[in-house]
Amino acid sequence: MSSEFTIATLGSHSALQILKGAKDEGFQTIAICKRGMESPYHQFKVADRIITLDHFSQFDEAEEELLDMNAIMIPHGSFIAYMGIEKVKNLKVHYYGNKAILDWEADRRKEMKWLKQAQLHLPRTFDSPEEIDRPVIVKFFGAGGGRGYFLAKDRNDFYQKYEKQVKSGIVEQELQYSIQEYVIGNPVYIHYFHSIIQNETEIMSFDRRYETNVDSIGRIPSKDQQELGIQPSYLVIGNTPLVVRESLLPEMIQMGERVVETSKEIVAKGLFGPFCLETIVTDTGKIVCFEISARIVAGTNPFVNGSPYTWLRYNEPMSTGRRIAREIKEAIQDNRINEVLS
Ligand code: ADP
């Protein structure tokens with residue numbers, strides 16, 4: 001049954017577990033790679049076919065073959081970033097997930113509206129620097145790896161640091177930014193999977209990010225930090241697994257369910273498949289959500305062999321990549337495949 005379709009994804013981000021999971025569920029797999037980036041997909045033997053492109057912008061060249069193979073593209077963070085939303089919307093090949101939700105994820109204002117409607121705790125956002133009345137994090141739009149992001153303890157600090165960022169050329173003056181309350185606590189990334197077939201929102205796993213250079217600044221004495229004038233950056237270079245206090249789970253499960261319910265009010269069919277809520281948990285146990293990723297996140301990569309949570313539920317290795325393939329397989333078996341594609 002699974003062999004009628006092939007599972008394909010771009011060779012990057014979380015492709016190893018997506019392809020491995022698809023093979024475990026009995027599918028043939030395709031990795032579409034940028035020239036020179038093919039080696040992991042050869043070495044770890046997850047791809048039955050590797051298509052090499054000089055650049056991902058030439059994706060159209062691969063599309064005929066993908067259509068011939070009746071491929072289902074599994075989107076991940078790099079897929080959306082490399083292709084751009086418009087190109088993704090115009091794909092002819094099957095796409096797993098709901099394309100309509102992409103606009104809500106990409107626009108920070110829409111994203112916050114959605115999360116607010118889902119009754120999540122959000123960091124306060126300030127429309128203008130004049131409104132700043134507490135410590136904030138300033139995020140520049142389109143800044144790769146959080147380049148130029150800075151913390152400001154109050155309004156004056158904001159203006160001083162903003163000037164400095166612009167003068168030093170770290171960010172351009174025209175670059176738009178958002179000003180968010182800086183929430184003191186621990187970052188926790190919650191990975192969910194909403195199954196259309198089982199009609200349930202499952203917690204898959206949790207991770208912490210390992211970001212350069214913020215996660216290593218603390219290795220340098222504060223005096224040296226100041227003298228060296230180090231600018232914090234937030235480029236993710238890896239992820240580490242996390243298990244949360246069990247008493248946090250009920251609220252976290254409900255948060256995921258509310259986000260899915262609300263998504264049905266904003267776009268037809270709503271959000272389904274993997275998604276992630278990026279949160280900070282404070283010392284009073286408040287879970288503050290500052291972002292949603294409406295697809296598989298790289299934070300699920302430590303769990304190729306499953307997480308403690310998927311082990312509880314499945315009693316077999318179940319990565320998020322495999323869970324996607326399982327959903328597609330069940331959708332095919334139930335003659336409901338069109339419901340999970342767009
Ligand atoms: P990007 O959009 O580049 O992924 P994020 O919005 O994830 O950047 O933020 C980068 C870093 O800043 C993360 O380590 C995150 O934990 C931290 N962060 C983001 N927003 C807040 C916030 N409102 N309060 C505290 N920390 C935050």
Between atom [atom1] of [X] and atom [atom2] of [Y], what is the distance when rounded to the nearest 0.5 Å?
X: Phe193; Y: Ile296; atom1: CZ; atom2: CD1; value: 9.5 Å
X: Thr310; Y: Arg322; atom1: OG1; atom2: CZ; value: 10.0 Å
X: Leu53; Y: Glu38; atom1: CG; atom2: CD; value: 9.5 Å
X: Ile32; Y: Gln58; atom1: CD1; atom2: CD; value: 13.0 Å
X: Cys289; Y: Ile190; atom1: SG; atom2: CD1; value: 7.5 Å
X: Ile328; Y: Ile7; atom1: CD1; atom2: CD1; value: 4.0 Å

Is it true that atom [atom1] of [X] has more than 12 heavy atoms of other residues, nucleotides or ligands lying nearer than 6.0 Å?
X: Glu227; atom1: CD; value: yes
X: Arg258; atom1: CZ; value: yes
X: Tyr314; atom1: OH; value: yes
X: Lys161; atom1: NZ; value: yes
X: Arg35; atom1: CZ; value: yes
X: Lys20; atom1: NZ; value: no
X: Lys116; atom1: NZ; value: no

Does [X] share a hydrophobic cluster with [Y], counting links as ILVMFWY side-chain heavy atoms below 4.5 Å and allowing steps through other members?
X: Phe275; Y: Leu242; value: yes
X: Met252; Y: Ile292; value: yes
X: Ile80; Y: Met83; value: yes
X: Ile280; Y: Ile287; value: no
X: Ile30; Y: Ile72; value: no

Listed partners of Gln176 passing side chain to side chain contact (heavy atoms under 4.5 Å, CB included), at least two apart:
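Only Phe141 meet the side chain to side chain contact (heavy atoms under 4.5 Å, CB included) criterion with Gln176.
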Verify whether one side chain among Tyr234 and Arg209 offers a donor that lies under 3.5 Å from an acceptor in the other.
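No, because no side-chain N or O of Tyr234 sits under 3.5 Å from a partner of the opposite role on Arg209.
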Do His94 and Asn70 pair up side chain to side chain, a donor and an acceptor below 3.5 Å, judged on atom types alone?
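Per modelled atom types, His94 and Asn70 side chains form a pair under 3.5 Å.
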Student check: side-chain heavy atoms of [X] and [Y] closer than 4.5 Å:
X: Val183; Y: Lys286; answer: no
X: Val304; Y: Phe44; answer: no
X: Gln198; Y: Glu330; answer: yes
X: Glu291; Y: Arg108; answer: yes
X: Leu19; Y: Leu16; answer: no

Check step by step if side-chain contact (heavy atoms from CB on, under 4.5 Å) holds for Ser293 and Glu278.
CA-CA 8 Å; Ser293 293; Glu278 310 187 359; 3.1 Å; yes
Does [Y] offer a backbone N or O that forms a donor-acceptor pair with the side chain of [X] under 3.5 Å?
X: Thr52; Y: Cys33; result: no
X: Gln225; Y: Ile230; result: no
X: Asp215; Y: Val236; result: no
X: Trp114; Y: Thr262; result: no
X: Thr282; Y: Thr284; result: yes
X: Glu257; Y: Thr201; result: no
X: Asp157; Y: Lys153; result: yes
X: Glu327; Y: Ile196; result: yes

Taking the ring centre of each residue, are Tyr309 and Phe303 less than 6.0 Å apart?
no
Mind checking whether Tyr162 and Phe150 have parallel, tilted or perpendicular rings, split at 30° and 60°?
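Ring orientation of Tyr162 relative to Phe150: tilted.
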So Phe158 and Tyr177, would you call those rings parallel, tilted or perpendicular, with 30° and 60° as cut-offs?
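If you compare the ring of Phe158 with that of Tyr177, the planes turn out tilted.
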Please assess Ile137 against Leu151 for the test side-chain contact (heavy atoms from CB on, under 4.5 Å), listing each intermediate value before the final yes or no.
CA-CA 5 Å; Ile137 177 166; Leu151 307 185; 3.8 Å; yes
Donor-acceptor pairs are to be reported for all side-chain atoms of residues 119-134 against protein atoms at under 3.5 Å, with residues two or more places apart or in another chain.
from, atom 1, to, atom 2, distance (Å)
Ser128, OG, Glu130, N, 3.0
Glu130, OE2, Tyr159, OH, 2.6
Glu131, OE1, Asp127, N, 3.3

Expected list for residues 263-272: side-chain donor-acceptor pairs under 3.5 angstrom, two or more places apart:
from, atom 1, to, atom 2, distance (Å)
Ser263, OG, Val260, O, 2.5
Ser263, OG, Leu271, N, 2.7
Lys264, NZ, Glu261, OE2, 3.2
Glu265, OE1, Gln117, NE2, 3.1
Lys269, NZ, Glu339, O, 3.0

Go through Leu10 and Phe59 one step at a time and tell me if the side-chain contact (heavy atoms from CB on, under 4.5 Å) criterion holds.
CA-CA 10 Å; Leu10 292 196; Phe59 184 82; 4.0 Å; yes
Given Gln17, His76, His191, Arg323, the one that forms side chain to side chain donor-acceptor pair (under 3.5 Å) with Thr300:
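Filter result, single survivor: Gln17.
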State whether Asp107 and Lys113 are salt-bridged, where the test is any N-O pair (Lys NZ or Arg NE/NH1/NH2 against Asp/Glu carboxylate O) under 4.0 Å.
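No, Asp107 and Lys113 are not salt-bridged.
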Less than 4.0 angstrom from a charged side-chain N to a carboxylate O is my criterion; do Asp60 and Lys87 meet it?
yes
Quick one: do Arg49 and Glu65 satisfy side-chain contact (heavy atoms from CB on, under 4.5 Å)? Show the steps, please.
CA-CA 11 Å; Arg49 162 106 177 92; Glu65 185 176 341; 2.5 Å; yes
